[in-house]
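These notes are about the structure you will find just below.
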Amino acid sequence: MSDITNPTPSDASSDAEDIGFVMRDRIAALTRLRERGVEPFAYSFDRTHSTAEARELLGENDEGPIVRLAGRIASWRSQGKTAFANLVDQDGRLQLYMRRDELGEDVWATAGELHVSDVIGVSGPLMRTRTGEVTVRVTELTLLAKALRPLPFGKEAVVDGQVVRYSAFSDTEMRARQRYADLAVHPEVRALFTARSLLTRTIRRHLDDLGYLEVETPVLQPLYGGAAARPFITHHNALDMPLYLRIADELYLKRLIVGGFERVYEIGHDFRNEGIDRTHNPEFTMLEFYEAYADYQGMMTRVESLLVAAADVLRTVPVIGERVPVLTTPFPRIEWVGSLVQAAGVDVTALDDAGLKEVATRVGVERPGTLSRPKLLDELFQALVESKIDTPTFVVDYPKALSPLAKPKRGNPELTERFELFARGKELANAFSELNDPIDQRERFEAQAKLRAAGDDEATMVDEDYLRAMEYGMPPTGGVGIGIDRLLMYLTDTANIRDVILFPTMRPE
RNA sequence: GACUCGGUAGCUCAGCUGGUAGAGCAGCGGACUUUUAAUCCGUAGGUCGUGGGUUCAAGUCCCACCCGGGUCACCA
């Protein structure tokens with residue numbers, strides 16, 4: 001072999017994984033192709049059909065028209081003077097049949113340099129093989145992109161109508177790190193992310209149809225608020241000031257309600273500097289929508305119809321759709337205090353701090369002594385009620401101390417008009433009749449500031465600009481936040497948030 | 001963070017009470033004109049996560065650490 005077709009291992013593999021021996025062969029093939037005047041990286045290819053469209057075009061016939069397809073080689077079965085391959089494109093897979101006598105010596109030689117993962121374009125008539133497989137009888141073949149690295153395509157067989165994959169790419173960490181490879185070899189992963197796109201599209205359409213305006217508010221914020229969470233902090237050089245990545249959109253969207261936009265929503269990323277596990281990614285997608293002149297009762301109806309619309313659309317996605325739960329409205333409503341008292345077997349709201357800690361310890365809350373009273377109540381609620389909820393259920397009327405941005409409940413000022421929606425033990429939505437009394441809001445902020453001073457680093461800060469906005473007069477408003485990642489997890493029965501995020505946050509390799 | 005399981009070839013994995021590293025697929029060479037987990041013949045491929053220790057001898061036993069999965073906790 002010449003030098004050019006036999007590069008040293010370091011040429012072929014500069015990273016830690018040593019697949020140089022494979023890449024060497026592919027680079028050698030690429031070089032041989034170039035020497036024969038075949039360009040291994042093309043500029044474009046005109047195709048007439050997708051694999052799915054071609055399959056449909058043939059229908060029940062044994063022979064069909066000429067089609068031009070493009071895609072990736074997923075498998076290759078060379079057989080002397082013929083070869084079979086599987087071509088994969090975005091929505092499907094189709095078999096190719098190549099004959100030396102039909103392709104001619106030149107193209108046949110090119111075909112001989114092809115590998116699994118190469119991107120090619122083909123042309124030829126549709127046909128059906130003896131065994132009934134829809135196939136393109138290739139008459140023209142163009143290499144579109146040579147793959148130097150083989151994708152981990154497993155071998156597939158259809159057993160009892162089910163696709164069985166052998167030697168599959170199954171390392172969950174590597175699949176997340178190399179999502180491009182995960183997507184390339186797993187049609188069901190592409191289907192899940194297609195479903196994700198359909199979900200946000202459906203939400204947008206649903207809210208647009210209700211007269212909502214989609215807006216964008218700052219990701220970089222001088223003060224963070226609207227939720228209880230630790231933020232990411234960054235620094236702006238020219239202003240020489242700290243900026244926080246938002247933990248919620250809430251306070252800016254409500255400023256827009258003050259500004260006269262009566263129905264607004266935003267779908268964007270929030271950032272929370274906390275642990276990573278199967279339900280938490282440091283950045284995640286949040287939907288928030290606010291509606292002037294509505295209260296939390298009206299927003300429950302909005303959430304119900306939104307979720308039903310989302311579930312209906314996802315149910316149409318092949319494979320994924322089978323896992324989508326059937327939602328029936330109205331969702332049950334249970335009261336926060338009532339359900340907690342019932343689950344605890346004692347009126348926890350009437351207990352003093354010591355009694356409350358005792359109950360918390362009994363239930364298994366860790367280090368209850370370090371928690372403020374509202375946090376303690378919330379821990380109890382999580383342990384006793386939230387985690388037990390399976391089908392979508394609204395929990396309504398939260399204690400005031402847990403809800404610094406919600407209006408007091410009519411008839412009971414110790415509670416707020418707030419609901420959260422839970423399903424399978426997880427929070428899907430959080431909403432309230434938004435507090436629009438600036439004097440009350442200031443007091444709530446100051447109470448939060450005290451908690452913060454006492455060591456609760458998730459308590460919010462006083463936002464003077466937000467108060468100023470509210471002082472101009474804010475109409476009564478209903479507001480909702482829905483975590484899109486978790487909603488998709490619920491709707492598609494996906495256990496790990498990493499599986500619904502294309503590029504989840506990972507430790508560096 | 002706790003518990004637990006794991007890290008061996010490019011991928012998926014086996015490797016017993018310690019005895020010099022294995023398979024299938026992928027790769028490479030060859031045969032084969034309707035195959036489909038193609039088949040057949042041949043061939044190549046490894047710092048067994050890292051570092052210590054025990055031992056004549058460690059993938060295997062011990063210790064520490066790194067990384068990952070699962071469960072629980074934390075994260076309203």
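On a predicted model such as this, the values are computed, not experimentally measured, just so you know. Below, chains carry the letters A, B, ... as their sequence lines are ordered, and counting in each starts from 1.
Among A/Glu266, A/Lys254, A/Glu250, the one residue that satisfies the side chain to side chain contact (heavy atoms under 4.5 Å, CB included) test with A/Glu288 is A/Glu250.
Using a 4.0 Å heavy-atom cutoff across all strands shown, A/Glu156 reaches sugar-phosphate atoms only and no base atom. Residue A/Arg278 is classed as a sugar-phosphate contact, given heavy-atom separations below 4.0 Å to backbone atoms only. Nucleic acid contact for A/Arg418: base, since at least one base atom lies under 4.0 Å from a heavy atom of the residue.
Taking each heavy atom of A/Asn281 and A/Thr505 in turn, the nearest pair found is OD1-N, 3.2 Å.
Note on A/Ser170: a side-chain N or O is less than 4.0 Å away from OP1 or OP2 of B/rU12. In terms of phosphate contacts, A/Arg77 brings a side-chain nitrogen or oxygen within less than 4.0 Å of OP1 or OP2 of B/rA38. Using a 4.0 Å cut-off, some side-chain N or O of A/His115 falls inside it from OP1 or OP2 of B/rC28. For the OP1/OP2 pair of B/rU34 and a distance below 4.0 Å, the side-chain nitrogens and oxygens of A/Arg99 include no atom meeting the criterion.
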Polar-atom pairs under 3.5 Å, protein N or O versus N or O of nucleotides 67-69 of chain B: list them with distances, or write none.
residue	atom	partner	partner atom	Å
B/rC67	OP1	A/Arg507	NH1	2.9
B/rG68	OP1	A/Arg507	NE	3.0
B/rG69	OP1	A/Arg498	NH1	2.4
B/rG69	OP1	A/Arg498	NH2	3.1

Taking only nitrogen or oxygen atoms into account, show me every contact under 3.5 Å that the protein makes with nucleotides 6-8 of chain B, one pair per line with its distance.
none

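Scored by the side-chain hydrogen bond (donor to acceptor under 3.5 Å, both in side chains) test, A/Gln95 finds A/Arg77, A/Thr135 as partners (sequence neighbours excluded). Residues passing the ring pair (Phe, Tyr, Trp, His ring centres under 6.0 Å) test with A/Phe422, sequence neighbours excluded: none. For A/Asp378, there are no salt bridge (Lys or Arg N to Asp or Glu O under 4.0 Å) partners at least two apart in sequence or on another chain. With sequence neighbours excluded, no residue forms a side-chain hydrogen bond (donor to acceptor under 3.5 Å, both in side chains) with A/Arg190.
As rounded to whole Å, 14 Å separates atom P of B/rC74 from atom CZ of A/Arg230.
A salt bridge is absent between A/Arg175 and A/Glu188: the closest approach of a Lys/Arg side-chain nitrogen to an acidic carboxylate oxygen does not fall below 4.0 angstrom.
Nucleotides B/rG70 and B/rC28 are separated by 35 Å at their P atoms, to the nearest Å. Here the separation of B/rG53 from B/rA57, taken at their P atoms, is 12 Å to the nearest Å. B/rG49 and B/rC11 have their P atoms separated by 14 Å, given to the nearest Å.
No side-chain donor-acceptor contact under 3.5 Å links A/Thr393 to the backbone of A/Pro332.
Looking at A/Gln95, its side chain comes within 3.5 Å of the base of B/rU35 through a donor and an acceptor atom.
Each of A/Arg26 and A/Thr129 was assigned the nucleotide of RNA chain B with the nearest heavy atom; the assignment lying further toward the 5' end belongs to A/Arg26.
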